[in-house]
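Since the structure comes first, as structure tokens, the remarks are kept for the end.
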Amino acid sequence: METVLPPGAAELLGRARRVVVFTGAGISAESGVPTFRDDLTGLWARFDAEQLATPEAFFADPELVWGWYEWRRARVRRAQPNAGHLAVAAIEDLIPGTVVITQNVDDLHERAGSRAPVHLHGSLFAPRCVTESAHPADFPTTTGEEVADDEGGRIAPPRCVRCGALVRPGVVWFGEALPGAALTAAVEAASACDVLLTIGTSGLVYPAAEIPHIAAHSGATVMQINPQPTPLDEISAVNLRGSAAQILPTLVRAAWEFAGKP
Ligand code: BV8
């Protein structure tokens, strides 16, 4: 079903000179990667993500939490970037200098061709030693094949070959500070852009959720793509109600045509 864009939406993007694309779990939903709003299943059904994505949960039961991340990593490995991810990469082609900022820990933006997404919450593919020192990632991690079946299971985390401490997922847990360089880059880009496109985020998790507000307060035009209302509705000049994989390709194609690009 072809998306009907509100008047002026394609022009807003086609005229933009400095664009930020800000994404959340919703952009990966159509790749089959569950969002944080989705109920957990199997072994983890009795938890919600916010309980498991914490240092406390990991140190209380490393096998349960490491098993969850390995199950998620296996899901992402089996997933493909969808038309939404590909459209984000096309925006980077249309408007050089576009900055992609993601809250997601999957690698689907990279696999769709995005050059250097800013990962505010880390990555499923960067496990690290729990000690604060940056031991190199030369430790054996499970290939994820052991958890390929849909139920997932408890898996003992590997040990750091340097110091023998536990290896943990390379993500930012609730209660942990975001990576300073990533947050600084995101704030700088949001403060300087003329259009910020927020896609597939509930806008509930801070300080990441500040990014669209920083853009709006700096005079940028905010455009939102989400099938549901969110707290970002009130700062969005354009609210495109629907899925990223349906709306984004139509919006980007129309913006290309507006910009008179071949
Ligand atoms: C911190 C990695 C302090 C792990 C994640 C105020 C200021 C600062 C902090 C706080 C604050 N208030 C509260 C806090 C604490 C907390 C917080 O925000 N809690 C919330 C619940 C209120 N924040 C923190 O703890 C942060 N740390 O503040 O540290 C500090 C400072 C200095 C020193 C020490 C400590 C850390 C937060 C990061 C947590 N880690 N991820 C992992 O992945 O396992 S967050 C995780 O949840 C995701 O990364 C994501 O960011 C978030 C979920 O948000 P979304 O991406 O929006 O996904 P969600 O499922 O919510 O929504 C999906 C949306 O998609 C929906 O709107 C849906 O309608 C839409 N959708 C669905 N399908 C589609 C679609 N859209 C388009 N197309 C579709 N097809």
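What you see is a predicted model, and the numbers here were worked out from it, not measured in a lab. We count ligands from 1, going down the list as the structure has it; atoms in each ligand are counted the same way. Residue indices begin at 1 and follow the sequence shown.
Checked against a 3.5 angstrom limit, the closest N/O atoms of A25 and ligand 1 fall inside it.
Formation of a donor-acceptor pair under 3.5 Å by the R111 side chain with backbone atoms of A79 is found in this model. Remark: side-chain polar atoms of T35 are paired, donor with acceptor, to backbone N or O of R37 under 3.5 angstrom. The backbone N or O of R15 sits less than 3.5 Å from a side-chain atom of R17, completing a donor-acceptor pair.
Closest to atom 24 (C) of ligand 1 among all protein heavy atoms lies Y206 O, 3.5 Å. Scanning all protein heavy atoms for the shortest distance to atom 67 (O) of ligand 1 gives N226 ND2, 2.9 Å. For atom 39 (C) of ligand 1, the closest non-hydrogen atom on the protein side is V172 O, 3.4 Å.
Using a 4.0 Å cut-off to heavy atoms of A53, the atoms of ligand 1 that qualify are 44 (O). Taking every heavy atom of A29 and a limit of under 4.0 angstrom, the matching atoms of ligand 1 come to 73 (N). Close contacts between ligand 1 and Y69 involve ligand atoms 4 (C), 42 (C), 44 (O) [criterion: under 4.0 Å to a heavy atom].
Proximity of the aromatic rings of W173 and F58 is defined here by a centroid distance below 6.0 angstrom, and this criterion is met.
Put simply, atom 13 (C) of ligand 1 has no protein non-hydrogen atoms near it, under 4.0 Å away. At least one protein heavy atom sits closer than 4.0 Å to atom 35 (C) of ligand 1.
Residue-ligand proximity: R72 is placed with a non-hydrogen atom under 4.0 Å from ligand 1.
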